[in-house]
There are 2 protein chains.
Amino acid sequence: MVDKEEYREKIILTASTIFSHYGFRKTTMDEISRALKKGKSSIYYYFGSKEEIFEAVVLHEANQLRSRLTKAIKEVDSPPDKLRNYIYVRMKEFAKLSNYYNAVFDKNLDHFDFIEKIRSRYDREELAILRLLVYVGNNRGVFAVENSEYTAMAIQTMLKGMEVPLFWRKREIDINDRLEAILSLIFNGILKKEEGLLLYG
Amino acid sequence: MVDKEEYREKIILTASTIFSHYGFRKTTMDEISRALKKGKSSIYYYFGSKEEIFEAVVLHEANQLRSRLTKAIKEVDSPPDKLRNYIYVRMKEFAKLSNYYNAVFDKNLDHFDFIEKIRSRYDREELAILRLLVYVGNNRGVFAVENSEYTAMAIQTMLKGMEVPLFWRKREIDINDRLEAILSLIFNGILKKEEGLLLYG
DNA sequence: GAATTTCCGACCCGATTGGTCCACTTGATT
DNA sequence: AATCAAGTGGACCAATCGGGTCGGAAATTC
């Protein structure tokens with residue numbers, strides 16, 4: 001009773017690994033319950049449906065992502081490093097989440113409106129973060145952009161470009177190259193020329 | 001007509017990526033055919049059944065494995081390097097194959113006798129390779145073992161230990177540590193003491 | 001333009017699976 | 001020890017899924 005919430009979390013954690021591996025569709029309640037060493041029906045004592053579990057898992061994963069990204073920003077100090085770190089971690093984390101994407105983009109599974117909610121909310125948060133990063137960098141004189149808002153939106157647009165599955169269907173080395181290219185583009189377009197050429201000549 | 005065999009290979013390649021990702025059970029014929037941009041029934045023109053495709057895929061994968069391993073041996077010259085390279089590549093390749101293992105060890109799917117055939121044949125080949133490696137190393141005076149045959153079998157036994165899923169359920173770094181430990185054990189037990197202590201003091 | 005190769009939509013039917021029901025343990029409380 | 005709520009899981013159901021078939025339509029070859 002006191003640990004019901006606790007066990008819900010355990011379910012979330014377990015289901016998370018399975019979902020991330022096989023996606024929503026291919027993951028069965030039986031697998032989840034077997035992984036938990038419980039009867040299938042017992043799971044329904046904690047969650048009303050498979051979708052409900054999935055919703056909790058996605059929410060949990062979104063929170064994980066948020067905390068990792070804020071950590072990535074706090075780890076370093078200079079705005080270029082912050083931005084670079086942010087983009088890097090974001091890229092790596094999204095790679096891990098690719099299977100959830102499969103689930104999301106799975107046709108006839110578009111009734112997952114909660115994902116859209118999470119997503120749009122996350123988009124706004126990210127935009128705020130980027131705007132702040134650009135703004136601070138601007139103030140410190142290391143960035144030189146006219147409008148932080150628009151620049152942040154532009155960066156976010158590029159970041160979104162890295163989300164499309166096509167981006168990931170290549171070899172590891174290629175991906176790192178592409179990341180470098182994107183970083184270079186952002187920085188050389190954003191940095192005062194002296195520093196920019198220093199970092200990405 | 002002339003390219004029927006060719007198209008079979010294309011099917012094998014495509015199916016291979018899906019099988020390796022989801023395993024035999026969770027992979028559907030519909031997915032395979034969709035990935036090939038063909039109707040489901042068309043696939044049956046080239047293969048008689050899902051299992052038949054799987055068999056071809058596993059066989060193909062086994063051949064890939066073999067060629068990569070022989071390449072690993074040829075790349076370097078000294079017997080210790082050959083052995084080391086062989087074990088290293090074998091480890092990496094088996095990691096990639098872990099999903100086929102899931103398929104194989106899937107309960108109620110033990111009627112895949114062809115896998116056992118491939119496997120036992122591969123075991124014999126591997127034993128021959130190891131025996132030769134040990135034998136040559138012995139002749140060159142860099143190994144010092146009494147019986148190449150038995151030593152090869154012992155090494156193979158350790159290698160097999162790395163196949164059990166349990167071995168892989170850990171973090172990357174841990175695995176590399178374990179590999180080092182295994183290599184160290186093999187070499188320090190096999191090398192003439194001077195060289196052995198040189199390489200793995 | 002017939003013959004042959006290749007493809008596919010529609011269908012079949014057994015297996016799978018999300019979800020329900022209900023009888024049962026368990027363990028705390030009185 | 002009797003009660004009761006929390007928690008469990010086996011049996012079951014209805015719907016869907018998915019491997020495989022079939023007849024014939026395209027496409028290609030001769």
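Quick note on labels: first sequence line is chain A, next is B, and so on, each numbered from 1.
Under the 6.0 Å distance and 45° angle rule, B:K4 counts as a cation-pi partner of B:Y45. A cation-pi arrangement is present between A:R90 and A:F94, with the terminal nitrogen or guanidinium carbon under 6.0 Å from the aromatic centre and inside a 45° cone about the axis.
In this entry the distance linking CD of A:E31 with P of C:dT16 reads 13 Å, nearest Å. Straight-line distance from the CG atom of B:L36 to the C1' atom of C:dT6: 14 Å, rounded to whole Å. Rounded to whole angstrom, the span from the CZ atom of B:R34 across to the P atom of C:dC7 amounts to 18 Å. Going from atom CD1 of B:I32 over to atom C1' of D:dG18 covers 12 Å, rounded to whole Å. D:dG9 atom P lies 12 Å from atom CG of A:D30, rounded to whole Å. Distance NZ (B:K4) to P (D:dT28): 17 Å, rounded to an integer number of Å. Taking atom CD1 on B:I43 and atom C1' on C:dC8, their separation rounds to 11 Å, with Å as the unit. Rounded to whole Å, the distance from CG on B:D3 to P on D:dT28 is 11 Å.
A:Y46 comes within 4.0 angstrom of the backbone, heavy atoms only, and of no base. Using a 4.0 Å heavy-atom criterion, one finds that B:S42 contacts the bases of the nucleic acid, with or without backbone contacts as well. As judged by a 4.0 angstrom heavy-atom cut-off over every strand, B:S33 is placed among residues making no nucleic acid contact.
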Output one letter per nucleotide in nucleotides 20-27 of chain D: B when a protein non-hydrogen atom lies under 4.0 Å from the base, S when only the sugar-phosphate is that close, - when neither is. BBB-----
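Using modelled atom types, one finds a donor on one side chain and an acceptor on the other under 3.5 Å when comparing B:Y7 with B:K38.
When the side-chain nitrogen and oxygen atoms of B:R25 are compared with OP1 and OP2 of C:dT16, one or more of them lie within a distance under 4.0 Å. The shortest distance between the side-chain N/O atoms of B:Y45 and the OP1/OP2 oxygens of C:dC7 is not below 4.0 Å.
Applying the salt bridge (Lys or Arg N to Asp or Glu O under 4.0 Å) test to residues at least two apart or on different chains, the pairs with a partner in residues 129-141 of chain B are B:D77-B:R140, B:R131-B:E149.
With values rounded to the nearest 0.5 angstrom, A:I43 atom CD1 is found 8.0 Å from A:Y46 atom OH.
Using a 4.5 Å cut-off on side-chain heavy atoms (C-beta onward), A:F47 and A:F54 make no contact.
More than 12 heavy atoms of other residues, nucleotides or ligands shown are found within 6.0 angstrom of OH on A:Y122.
For the salt bridge (charged side-chain N to carboxylate O under 4.0 Å, His left out) test with B:R66, the passing option among B:E125, B:E61, B:E93 is B:E125; the others fail.
Within a heavy-atom distance below 4.0 Å of DNA chain D, no residue of residues 8-18 of chain B is found.
Look at A:K50 and A:E55 and you find no salt bridge, because none of the NZ, NE, NH1 or NH2 atoms lies under 4.0 Å from a carboxylate O.
Along DNA chain C, the nucleotide closest to B:Y7 and the one closest to B:K26 are compared, and the more 5′ of them pairs with B:Y7.
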